[in-house]
Amino acid sequence: MEYKPDEIEKAAREKWAKEDIYKVTNDSSLPKYYVLDMFPYPSGAGLHVGHPLGYIASDIFSRFKRLKGFNVLHPMGWDAFGLPAEQYAIQTGQHPTITTEQNLARYRSQMDMLGFSYDWSREIKTSDPKFYRWTQWIFLKLFGSWYNNKTQKAEPIETLISQFEKLGTTEIDAAYGEEMTFSADEWKSFSEKKKSDVLFNYRLAYLSEAWVNWCPALGTVLANDEVKDGVSERGGYPVERKLMPQWSLRITAYSDRLLNDLDTIDWSESIKEAQRNWIGRSEGCSLQFTINNPDSYREQFTITVFTTRPDTVFGVTFITLAPENELVNKITPASHKAQVEEYVNIAKNKTERERQAEKKVSGIFTGAYAIHPFTGNKIPIWVGEYVLAGYGTGAVMGVPAHDSRDHAFAKHFGLDIKQVIEIPESLATARNEAVLPDNKIASQSLAMTEPYDGKNGKCINSDFLNGLDVKDAIKRAIEEIEKRGLGKGKINFRLRDAAFGRQRYWGEPIPIYYKDGIPTPLDESELPLVLPEVDKFQPTETGEPPLARATTWKYKGQYNYEYTTMPGWAGSSWYYLRYEDPKNDKEFTSKDAINYWQNVDLYIGGAEHATGHLLYFRFWTKFLNDYGLIPFTEPAKKLVNQGMIQGVSAYITRINTEIFVLSGSILRTLFTIPIIYITKEVADKIVTDEGMQNELVDFLNNCFRKFNPRMAAFVRDQDYSIKIDARGRNWFNTRPFPIQEISANNDIEKEKIIEWINNYDRIENTQIVFFPEDNKPYVFNREVEKMSKSKWNVVTPDDVVAQYGADTMRMYEMFLGPLELSKPWSTQGISGVYNFLKKFWRMFFSSQWSVASSQSEEFYVSGEKATPAELKILHKTIKKIDEDIERLSFNTAVSAFMICLNELYDLKCNKREILEPLLICLSSFAPFVAEELWTKLGHTSSVVKAKFPKFEESYLVENTFSYPVSFNGKTRFMLELPLNLSKEQIEKEVLSSEDAKKWLKEAPIKKVIVVPNKIVNIVV
RNA sequence: GCCCUGGUGGUGGAAUUGGUAGACACGCAGGACUUAAAAUCCUGUAUUCAUUGCGAAUGUGCGGGUUCAAGUCCCGCCCGGGGUACCA
């Protein structure tokens, strides 16, 4: 009987569905295991071959754990809120609910096709009010909490209020936005509104005026991790900085714990490192500078800076403020006001992208001076873009000798550079700076051409710090600063609070309404606050978010609800808990469920969520733990990042058709020039080769004449000829072409290109020309990159499954290489896995050993007793598979199956005693084949419920070992010796062997190394 | 720039604790079966030299080192991939 994947897979799918085979219960005496895939966003394109990589791995692991006797929670659901569905809704008017439903139905069917063992009775969807009710509930808890630094826990806001009432701000050590001090009496005298504002300074979910990443094209605010290179991660639209009222979560309160607890979890080093960098802890101190203000009527101000290098305080020669710093306006004397304001305005209004692109130094002198707290010197105060408003105090002390940015700034504006740390001799030499006899360096004063920011060296020119090493000097300087009351030791984090409001429709409503201008939370009992219907998904004419369109969007018909919605990551920050008890309408998850399932044992997903989702995920877990709602502080014990399966895209190069011609005084575009396709090779040649350039110019001029006689006349009349800017690569456009259409040689008949362009670009074929005009096929330029619809390089699993079956697809993706590795998709080699499955199948059919036709073969396994050799092969494989799955080394496990099969095949083994346990091992990789053969073996229950075969060491016991014998480390021959020999006996045996004599000849033996059961090495 | 990764045959990759480098698979070459094809099976396949057989030398990005022994450990470079960037 032939192996027909489509038939057996269909049958198995139906069987599993009918028997509800993957359902798991919460009341089990078995040990639990929780395997989770990262929450997918169901996009319109469906799954491509890259998506299932992690799902296959987690599925194999889940099935394996089930066979090993665990009660395995392996759920799937949908991160259903999000921008693409809403953008689509804006374009088509179709409600995001509908699009989302369609998309996830497609995902679901693809997942079923691949045989994933999800318990679909636990399916969740973030856009379902039954789910987001609890997201809102957690938000309200965050809103009603402050962070007590003393207990290192979130606490109800009421405890803070009662402290305010008793003691004001004294004795409070809380995470806050800005420093506040008031007495209990003052607190009591505050208006309701004022009290509300003050509390927002402490709440974990709060509303404040904040600089945000505003994306005009998307009409919304984005979190830091949603902005890449100054543009939005989704869509690539420019992002501006804007000051606006904004809901945020005080994740910064958890900085320390988020950082420290990384050491307790088994996550990849690269993710942990990315989080450490993102959190960005730095130790230092604050330091105050008073302002030397000649305008005596003006208020006295102080500037506080944050520095990690107080040891360099004597090297301060200027102070720089961020353009956004409020002090700029206050300290600038009238004489400088105009210029400073102009500079500040320009700097503030730049987009993130412009700021990042701008590499040159910019800044302006404010006209004001500060007093150096130790030397009493007057030092100028500048404003500079390189100082960030959001970090530290938005002000830095300029130490140009020992900070590269300060150095660049000082050099550019001709400010003093004062060296205060000795440069180590080796470095000074490397820099060609003369070293004087007494180990002082010639450039120790003014002429430092490069900054030295290293932390090795002793302080010089630094009064009480002189002679101290940097490390000691830092301590000493902080001591002195604290003693003189100029500042105090401080730890700063790079991590910012997370913007939580989105000016969009398709997200969870924020359960807040505004009563007399005071943001007021809904009561828990009033949840869920359900997303209202709106006539359009766009902002209102006055620029308010879409929710403002809903006339009913009022609390008790009276007070306006909050118009912004939650960001995409809200639901995914806690969803893993909901799977444990997905239907509960009394609690987010029951205590019993949490106590049984606990946190995720194995979490598999892409590395792109390193600083976004995975940080919020940990943050919310810690918060819920603070309230005793869950008994653990980390959401996932082990995290594995699967590599990306990239696509290969084919690029076609064409000459930029926007050729401008100066007509009179206006630049006109010549639209009528044909589209000219050239290969990458030709394009590269044109850039450098003048002969080729001339040829192309002639060619273009001919095209004019041929395709546009009027233009040809113009060209002739004006004696116009096209010039090519050899440096300007912009001259060429590249455009992706569907990769599936192209042969392995990367070439294609030109007619095909023309046909495709007609269809997709709607350009008539008379307008398409190739250069040079030979008859050879067009050769493409290939690139390996992310699979994406827009690049026409997407390969779906559907095609692969149709051709080879899901089992082959599953095993092949695993066979490609280590799970964590990224690799381009290629089906080269898939036949190896397919052949394996076919061969495995044939082992179960009677006449397999005759080479005759396969038509008449019947299912047959022998009941004979297995031989020791057969048992050895089986148990070697059981051991290997078990170990490999445990360490997620699926590629080597697949190899092990192949090796096992080859060996059994050589022995012509078709014994049940061997094949049946092997089938169970294979069932987590190829569940369909396994189910079919399992049934044929006469079992009535599913292979899913089988027990993983027990490994018996006794079958593997050997009494001899084949020693590789090497001379000077080079292996020369093998020698089989009994295992029970002593080192001395082994040495004797080896030296007396014929082979050894041949190699030894007369050479004297210096030493013989014998490692029992490993190797023998003879040194001559 | 900084941080994290990785670099092994024609290709994907294996070598888990320093102990036979190249498992397994693809591809390729040759052969069997067949009228033929598909399917299946067998043999070979790191490189170079030698081939009459035995063989020999080289070899895990490059240059050093430690060791009886290095793909694996140490030092210094080069290249690819990913992350991040005025974070004071």
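These values consider heavy atoms only, across backbone and side chains, with no hydrogens, waters or symmetry-generated copies. Just so it is clear: chains get the letters A, B, ... in the order the sequence lines come, proteins before strands, and each one is counted from 1.
- Across all strands shown, I830(A) has no heavy atoms under 4.0 Å from either base or sugar-phosphate atoms.
- Searching all strands for a Watson-Crick or G-U wobble partner of rC2(B) with both distances below 3.5 Å returns rG83(B).
- rG27(B) and rA39(B) have their P atoms separated by 10 Å, with the value rounded to a whole Å.
- Computed from coordinates, the N1017(A) CG to rA70(B) C1' distance equals 13 Å when rounded to whole Å.
- Across the protein-nucleic acid pair, H407(A) atom NE2 and rC86(B) atom P stand 20 Å apart, rounded to whole Å.
- Of the candidate nucleotides rU20(B), rC41(B), rC87(B), rC41(B) has the atom nearest to the side chain of K839(A).
- Heavy atoms of R281(A) sit nowhere under 4.0 angstrom from any nucleic acid atom.
- Spacing between atom CD of E813(A) and atom C1' of rA25(B) amounts to 16 Å, rounded to whole angstrom units.
- Residues E269(A) and R276(A) are paired through a salt bridge, judged by an N-O separation under 4.0 Å between the basic side chain and the carboxylate.
- Taking atom P in both rU72(B) and rG64(B), one finds a spacing of 15 Å when rounded to whole Å.
- Below 30°, between 30° and 60°, or above 60°: for F289(A) and H372(A) the angle between ring planes is above 60°, a perpendicular geometry.
- A centroid separation of less than 6.0 Å is found between the aromatic rings of F409(A) and F318(A).
- Nucleic acid contact for N902(A): sugar-phosphate only, since backbone atoms but no base atoms lie under 4.0 Å from a heavy atom of the residue.
- Using a 4.0 Å heavy-atom distance criterion, S889(A) is classed as making no nucleic acid contact.
- Per the geometry, CD1 belonging to I899(A) stands 10 Å off P belonging to rA23(B), to the nearest Å.
- For the C1' atoms, the distance from rG65(B) to rC3(B) is 27 Å, rounded to whole Å.
- Separating the C1' atom of rG59(B) from that of rC75(B) is a span of 23 Å, rounded to the nearest Å.
- Residue whose closest nucleotide on RNA chain B sits further toward the 5' end, between T892(A) and A274(A): T892(A).
- Within the shown strands, nothing qualifies as a pairing partner of rU66(B) under the Watson-Crick or G-U definition with both distances less than 3.5 Å.
- Contacts of S270(A) with the nucleic acid, taken as non-hydrogen atoms under 4.0 Å apart, involve only primed sugar atoms and P, OP1 or OP2.
- Within 4.0 Å of K880(A), counting heavy atoms only, lies at least one base atom of the nucleic acid.
- Taking only side-chain nitrogens and oxygens, Y391(A) comes nearer than 4.0 Å to OP1 or OP2 of rA88(B).
- rG18(B) sits 25 Å from rC24(B) when the P atoms are compared, rounded to a whole Å.
- No donor-acceptor pair under 3.5 Å is formed between the side chain of K839(A) and the backbone N or O of N902(A).
- I1009(A) comes within 4.0 angstrom of a nucleotide base, judged by non-hydrogen atoms across all strands.
- For the pair R842(A) CZ and rC41(B) C1', the interatomic distance rounds to 9 Å; values are reported in whole Å.
- Among rC3(B), rA21(B), rG12(B), the nucleotide with an atom closest to any side-chain atom of F815(A) is rG12(B).
- Closest approach to the N277(A) side chain among rA57(B), rC3(B), rC26(B) is made by rC3(B) (side chain taken as heavy atoms from C-beta onward).
- With C1' as the reference atom, rG83(B) and rC74(B) are 27 Å apart, rounded to whole Å.
- Residue contacts shown for R887(A) include a base, since a base heavy atom lies under 4.0 Å away.
- Note on V1019(A): only backbone sugar-phosphate atoms sit closer than 4.0 angstrom, heavy atoms only; bases stay farther off.
- The aromatic rings of F61(A) and F64(A) sit tilted, their planes meeting at an angle between 30° and 60°.
- Ion pairing between a basic and an acidic side chain is recognised when a charged N comes within 4.0 Å of a carboxylate O; R281(A) and D256(A) show such pairing.
- Residue contacts for S826(A): at a heavy-atom cut-off of 4.0 Å it reaches no nucleic acid atom on any strand shown.
- OP1 and OP2 of rC86(B) both lie 4.0 Å or more from every side-chain N or O belonging to S404(A).
- Remark: rA88(B) base-pairs with no nucleotide in the shown strands. Criterion, Watson-Crick or G-U wobble with two distances under 3.5 Å.
- The base-pairing partner of rU58(B), taking Watson-Crick or G-U wobble contacts with both distances under 3.5 Å, is rA46(B).
- Closest to the K1007(A) side chain, of the nucleotides rA88(B), rC24(B), rC68(B), is rC68(B).
- Using bins of under 30°, 30° to 60° and over 60° for the plane-to-plane angle, the ring pair F836(A)/F840(A) lands in the tilted bin.
- When the nearest nucleotides of RNA chain B are assigned to W278(A) and L816(A) by heavy-atom distance, the more 5′-ward of the two goes with L816(A).
- Rounded to whole angstrom, the span from the NZ atom of K1014(A) across to the P atom of rA69(B) amounts to 17 Å.
- Under the 4.0 Å criterion applied to side-chain N and carboxylate O atoms, E883(A) and R887(A) are not assigned as salt-bridge partners.
- Rounded to whole Å, the separation between the C1' atoms of rA29(B) and rG10(B) comes to 13 Å.
- The P atoms of rC28(B) and rA15(B) are separated by 27 Å, rounded to the nearest whole Å.
- Across all strands shown, nothing is found opposite rC33(B) as a Watson-Crick or G-U wobble partner with both distances under 3.5 Å.
- Ring pair W825(A)/Y812(A) is perpendicular by interplanar angle, where above 60° counts as perpendicular and below 30° as parallel.
- In this structure, K823(A) atom NZ and rU11(B) atom P are separated by 17 Å, rounded to whole Å.
- Contacts of M644(A) with the nucleic acid, taken as non-hydrogen atoms under 4.0 Å apart, are absent.
- The base of rC4(B) does not come close enough to the side chain of R276(A) for any donor and acceptor atom to sit less than 3.5 Å apart.
- The aromatic rings of F925(A) and F890(A) stand perpendicular to each other, their planes meeting at an angle above 60°, with 30° marking the opposite boundary.
- Spacing between atom NZ of K490(A) and atom P of rA88(B) amounts to 13 Å, rounded to whole angstrom units.
- Using a 90° window around 0 for the glycosidic torsion, rG61(B) falls outside it and is classed as anti.
- Nucleotide rU51(B) has no partner under the Watson-Crick or G-U criteria, as no pair reaches both atom distances under 3.5 Å.
- In this structure, the nucleotide among rA88(B), rU20(B), rC41(B) sitting nearest to the side chain of V396(A) is rA88(B).
- With rU5(B), rA88(B), rU11(B) as the choices, the nucleotide that has an atom nearest any side-chain atom of Q828(A) turns out to be rU11(B).
- Residue K838(A) is classed as a sugar-phosphate contact, given heavy-atom separations below 4.0 Å to backbone atoms only.
- Here N835(A) lies in heavy-atom contact (under 4.0 Å) with sugar-phosphate atoms only.
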